[in-house]
Protein chains: 2
Amino acid sequence: MKLKIGELAEKANVTRRTIDYYTNIGLLQAERSPSNYRYYDYSAIERLNFIEECKHAGLSLDDVKKKLNERDAEEIDVLDLRLKIKGLEKEVSNVVVQLENKNNIELKSLRKKISNESLSLIQTLLLLIKD
Amino acid sequence: MKLKIGELAEKANVTRRTIDYYTNIGLLQAERSPSNYRYYDYSAIERLNFIEECKHAGLSLDDVKKKLNERDAEEIDVLDLRLKIKGLEKEVSNVVVQLENKNNIELKSLRKKISNESLSLIQTLLLLIKD
DNA sequence: ACTAAAAACCATCACGTTATAGTTTTGGAG
DNA sequence: CTCCAAAACTATAACGTGATGGTTTTTAGT
């Protein structure tokens, strides 16, 4: 379920007009219903809070826009990373399948050969996950 | 001499904000000084009056914009016509020069040959000039 | 006539406001 | 439960407003 402007306004503690304005200048995005009503998703609440913080820190909405664009870019990077990780996972599971077809001796030597790499990969993944 | 926003506002009997707004949405044009002040020329007064009339007649500013665009297009047409007339004048004066090099008999027959055309041209020009 | 400082102007931002017109929700009548 | 009208909500237009930060003009003193 998405939020109508009034609901979002209440939840984010700003006026409708502010949301209207932000939407017009591209700080917020909204889907439009067939009757042209705007529908915001819940992430807009946090986005509005973030904007308020930035404003409180003395930034102009234009500055905030840049910040948000950076953040969005990071978000996209994250998505990217996620995709890459998914790809890696697939590769790894493929390797696992290969391993299952090996005999014990081959298996052990192979495991040794890649143990370093997999370890450091796991460590990096842990860094990403923690916090 | 051009008008600053306050001067135009007073002369046209609207607020500065209105002029600001109209300028932003492209209803009015302004030159900018090096310090970014807007400078309007006197025709803006009449333009503003026109806009007020249109609004009074129930038109939206968007409608007014269209009307003004038409008017501006006509203006351009007029400029075009003026140019053409200037061109014609040149042609005519060339003909006059030619005539001056003719003898009387040739001259008379020539005059007869073109009298119809020049008469109707003159009449059309008169139509353009009057009121 | 020259200058410094106040007064008057101007631009832009970030909403606020009022009016108009369409949409959705809701409380009751049947 | 259904239908419908009032109440609540929404979109957009066309400025209004107050704050902030420059620019120009005016004015008063030297």
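Order of the sequence lines fixes the chain letters, A, B, ..., with proteins taken first and strands second; residue numbering starts at 1 for each chain.
Residues from residues 28-63 of chain B lying near DNA chain C, meaning a heavy-atom separation below 4.0 Å, are B:Arg32, B:Asn36, B:Tyr37, B:Arg38 in numerical order.
Atom CZ of residue A:Arg32 and atom CZ of residue A:Arg38 lie 4.5 Å apart, to the nearest 0.5 angstrom. Annotation: the span from B:Ile51 atom CD1 to B:Leu27 atom CG amounts to 4.5 Å, rounded to 0.5 Å. We find the OH-CG distance between B:Tyr40 and B:Leu28 to be 6.0 Å, quoted to the nearest 0.5 Å.
A salt bridge between A:Glu53 and A:Arg47 is absent, with no side-chain N of the basic residue lying under 4.0 Å from a carboxylate O of the acidic one.
Whole-Å rounding puts the B:Ile19 CD1 to C:dC9 C1' distance at 13 Å. Atom pair A:Lys4:NZ and D:dA11:C1' shows a separation of 13 Å (rounding to whole Å applied). In this structure, B:Leu3 atom CG and C:dC9 atom C1' are separated by 14 Å, rounded to whole Å. What separates CZ of A:Arg17 from P of C:dA19 is a distance of 16 Å, to the nearest Å. The interatomic distance linking A:Ile25 (CD1) with C:dT12 (P) rounds to 16 Å, in whole Å. Atom C1' of nucleotide C:dG16 and atom OH of A:Tyr22 are separated by 13 Å, given to the nearest angstrom. Between the CG atom of A:Asn24 and the P atom of C:dC15 there is a distance of 12 Å, rounded to whole Å. Distance, A:Tyr21 OH to D:dA14 C1': 15 Å, rounded to whole Å.
Close to D:dC15, at under 4.0 Å from its OP1 or OP2, lies no side-chain N or O of B:Thr15.
Under the salt bridge (charged side-chain N to carboxylate O under 4.0 Å, His left out) criterion, the residue pairs touching residues 5-17 of chain B are B:Arg17-B:Asp20, with sequence neighbours excluded.
Each of C:dT12, D:dA11, D:dG16 was ranked by its minimum atom distance to the side chain of B:Thr18; first place goes to D:dG16.
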- Task: Applying side chain to side chain donor-acceptor pair (under 3.5 Å), run through B:Ser60 and B:Asp62 and close with a yes or a no.
- Result: CA-CA 5 Å; B:Ser60 73; B:Asp62 222 61; 5.6 Å; no

